[in-house]
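Everything below concerns the one structure shown next.
Reckoned from all heavy atoms, side chains included, excluding hydrogens, waters and symmetry mates. Per chain, numbering begins at 1; letters A, B, ... match sequence-line order. Note that the coordinates shown come from a computational prediction; the quantities given were computed from them, not determined experimentally.
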Amino acid sequence: MPFGNTHNKLKMNYSAEQEYPDLSKHNNHMAKVLTPEMYANLRDKETPSGFTLDDVIQTGVDNPGHPFIMTVGCVAGDEETYEVFKELMDPVIEDRHGGYKPTDKHKTDLNSENLQGGDDLDPNYVLSSRVRTGRSIRGFCLPPHCSRGERRAIENLSIESLDALDGDLKGKYYALKNMTEEEQQQLIDDHFLFDKPVSPLLLASGMARDWPDGRGIWHNNNKTFLVWVNEEDHLRVISMQKGGNMREVFTRFCTGLTKIEGLFKEQGHEFMWNEHLGYVLTCPSNLGTGLRAGVHVKLPNLSKHEKFGEILKRLRLQKRGTGGVDTAAVGGVFDISNADRLGFSEVELVQMVVDGVNLLVDMEKRLEAGEGIDDMMPEQK
Amino acid sequence: MASSFSRILSSKRNIGILSLVGGSVTAGFLLHRDHVSAEHVRRRYPASAEFPDLRKHNNCMASNLTPAIYAKLCDKATPNGYTLDMAIQTGVDNPGHPFIKTVGMVAGDEESYEVFADLLDPVIKERHNGYDPKTMKHPTDLDSSKIQSGQFDERYVLSSRVRTGRSIRGLSLPPACTRAERREVERVVVDALSGLKDDLVGKYYSLTQMTEKEQQQLIDDHFLFDKPVSPLLTCAGMARDWPDARGIWHNNEKTFLIWINEEDHTRVISMEKGGNMKRVFDRFCRGLKEVERLIQERGWEFMWNERLGYILTCPSNLGTGLRAGVHVKLPLLSKDPRFSKILDNLRLQKRGTGGVDTAAVGGVFDISNLDRLGQSEVQLVQTVIDGVNYLIECEKRLERGQDIKVPAPIKQFK
């Protein structure tokens, strides 16, 4: 049960076999990994805040998945979930993050000076550039498990920290429940407003409880730096602007994140992070950097090329429609971003996007000119 | 019918359950059925920091939950570990509608109605029009021979139906049950149903194992229930692990139907085309009593007590849990401005023929009893029979160009 851990005791009246979920029609990372033996080993454990195995896997039990898309099927309720339920989480992480081992170490690099180039992605093709990540505040439960009191405390801490930002980062917080109609419309027009989750993947994990209590959006006056509070993670941090200057977007991203981290520390709070998993977030798919750097780019010819998928794969990139995940591309405009999150640093991932998008645009230009691109095929990164 | 909870525990379940909840706590529970302080309720913040924001809410829970009641109950849990926050989650997540007042809370188990009585009693009183669980007793009467004139004019009444729910004592309710408990409910009920005889002989269709053909047949018969999509239900946790341990049983004649593990442990439905409500209710009572006898043979019983009658997940279904209704053609009466008042006074409600929240089609309405608690099954079905007969009389009078009268309001608690 989301939040209510006392219920765990009742399950112990039944054998592990009697409680084991029916995963015969399931296709997600959790279902692939959770054997009856593993279930029996882990089912009587709970984190110090009371998150249980059944809480971790509920979303994966309720959402069998799709034959072609592999969802994760489990979430963390707090930082300790990744430790207490290591036996499940490690193989899920390994499977999801390209073979990342329990002994591997993750590099964090938020020094934007280390990025090479990236300031001149061709604006005739690249319409906008964006980098996002998430952060969790150590000591608080994550969205599937937090109580109303915790969620509000996270909101208050966030507001206090964000209020202290200045310069081009100076901005304002809009609580979802206090927003005026006008403010709401403006945020929608700016493409900033997030909605109550409707995806059953999120709902089944308990993240939407008490909506819209404790949720809100902060953005700077320039509308280039944006923070979502208490949506799928404690914080989602987004840097974005029109055009192809990914370097500037990433620089603001790093500067902003570092400043925010400093401001939280002043209040005695730090972000959840460790050497092995990097930044700790609700969904195992977002561990490490939690970073998705992407562009909206016009690739009408290349996207029709038979090797498009293969090229993206080799560049370690993924495509989405311009409405975000699970949407279709419109007018040959694609959202192209890094496929990885863990095992590469922030700089490395943004570099892959910069280099990769430059190549894709060059290929598009060749195809426009009626020429081939076979000589441009990249190696597998 | 009302045996003590402790008898069931000692005869049927492992005593191990209780020892796991906590030794002294267990003894305390058996001795005086008092609510239990949960051992592990994690509370870093005071009740005032956790109290939900209900300013935009319009449901019975929000109308009755004060900060004082919240503070008193928030650290308590039922012996099964169900907490107040769980009980009210659906009402917090679903503010409601300005015109329709939803209940806004559920029970996770039978004990919820005791442990959270400080909130549930006023909610029940509001929802059931003044029924006070602290002072009143609910009458149960499944003797269908008492029904008078239960055959409707079939030029108007197209079909007749009676439904209720039953919960298996000792197992948690759908918002809170574990997978094993839910499977146990399924096993107990299906096992009992296999003992039914004569016109009640039937078959079980598990949702997880249904064939395509069986599924299509059940859809064509209008028997199949879907995974709940209403946020009122999903926010309460009832749809977890779908479709595990859910299924539909019906008799070969397709006049007696049981849903397993949907919104309640069981929903029991008797129905047929035409206007023979007496026969529908006869079968209803007979079937229910048979099923009860069969589960008792196996050492189980239904959740029931004198205060609240049959215990179900939603407080709105306490008492009889009974909705007796017809699909009836009232094209003229339904356009008369006095229609709503007439229904009100007869203690009836209208719905479209798709069920709750649907619109009427072709002047055909679903007319059923408003009340659930405080009157017996026989009384409620008689109310529907008398009321629908009155409505048909009105329709006939309007057909003949005669005027109709709004009847005097029926007294509520008999």
Side-chain angles (χ1 to χ4, degrees), chain A residues 1-25 43-44 46-51 54 57-59 61-64 78 139-141 145-153 156 177-178 196 198 200 203-204 206 208-214, chain B residues 13-14 16-18 20-22 36 38-53 55-56 74 77-87 89 92-95 108-109 172 175-181 183-184 208 227 229 231 234-235 237 239-245:
Chain A
M1 293 292 287
F3 183 52
N5 59 287
T6 48
H7 206 62
N8 189 46
K9 303 287 188 291
L10 189 62
K11 294 180 212 203
M12 304 313 296
N13 303 326
Y14 295 89
S15 72
E17 238 180 80
Q18 289 173 308
E19 286 288 355
Y20 183 73
D22 180 354
L23 300 173
S24 52
K25 299 199 175 90
R43 73 176 188 128
D44 60 349
E46 48 185 77
T47 66
S49 76
F51 206 61
D54 283 308
I57 67 173
Q58 190 67 59
T59 180
V61 174
D62 288 347
N63 297 289
D78 50 26
F140 291 88
C141 290
H145 192 44
C146 64
S147 70
R148 279 180 295 273
E150 281 189 290
R151 200 185 296 110
R152 290 162 178 170
N156 288 335
K177 66 178 181 178
N178 295 336
K196 177 171 180 177
V198 293
L203 296 176
R209 287 170 301 124
D210 313 312
W211 202 275
D213 197 312
Chain B
R13 305 283 301 282
N14 302 328
I17 304 167
L18 304 174
L20 278 166
V21 172
V36 170
E39 292 178 32
H40 287 289
V41 173
R42 170 180 54 94
R43 189 70 58 193
R44 293 174 48 174
Y45 298 86
S48 55
E50 296 284 5
F51 187 73
D53 183 349
R55 289 171 296 169
K56 296 198 176 98
C74 68
T78 67
N80 297 339
Y82 198 68
T83 64
L84 180 71
D85 280 320
M86 292 179 197
Q89 190 68 61
V92 175
D93 289 347
N94 297 289
D109 49 28
S172 301
C177 64
T178 70
R179 277 182 295 275
E181 282 189 291
R183 291 163 178 170
E184 183 78 334
T208 52
K227 178 172 178 175
V229 293
T234 55
C235 291
R240 287 170 304 124
D241 314 311
W242 201 275
D244 197 312

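A pairwise comparison of heavy atoms in Gly108(B) and Ala176(B) identifies O-CB, 3.5 Å as the closest pair. When all heavy atoms are compared, the tightest approach of Arg240(B) to Cys177(B) is NH2-O, 2.9 Å.
Heavy atoms of Asp210(A) lying under 4.5 Å from chain B belong to its backbone as well as its side chain. Looking at Lys177(A), the atoms closer than 4.5 Å to chain B (heavy atoms on both sides) sit in the backbone and in the side chain alike.
Of the residues considered (Val92(B), Asp93(B), Asn94(B)), Asp93(B) shows the highest number of contacts with chain A, using heavy-atom pairs under 4.5 Å. Between chain B and the options Arg151(A), Glu19(A), Lys25(A), the largest number of non-hydrogen pairs under 4.5 Å is found for Glu19(A).
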Check your understanding: So Arg148(A) and Asp53(B), salt bridge (Lys or Arg N to Asp or Glu O under 4.0 Å) or not? Walk me through it.
Key -> CA-CA 9 Å; Arg148(A) 279 180 295 273; Asp53(B) 183 349; over 6 Å; no
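Between Arg179(B) and Asp54(A) there is a salt bridge, since a side-chain N of the basic residue sits under 4.0 Å from a carboxylate O of the acidic one.
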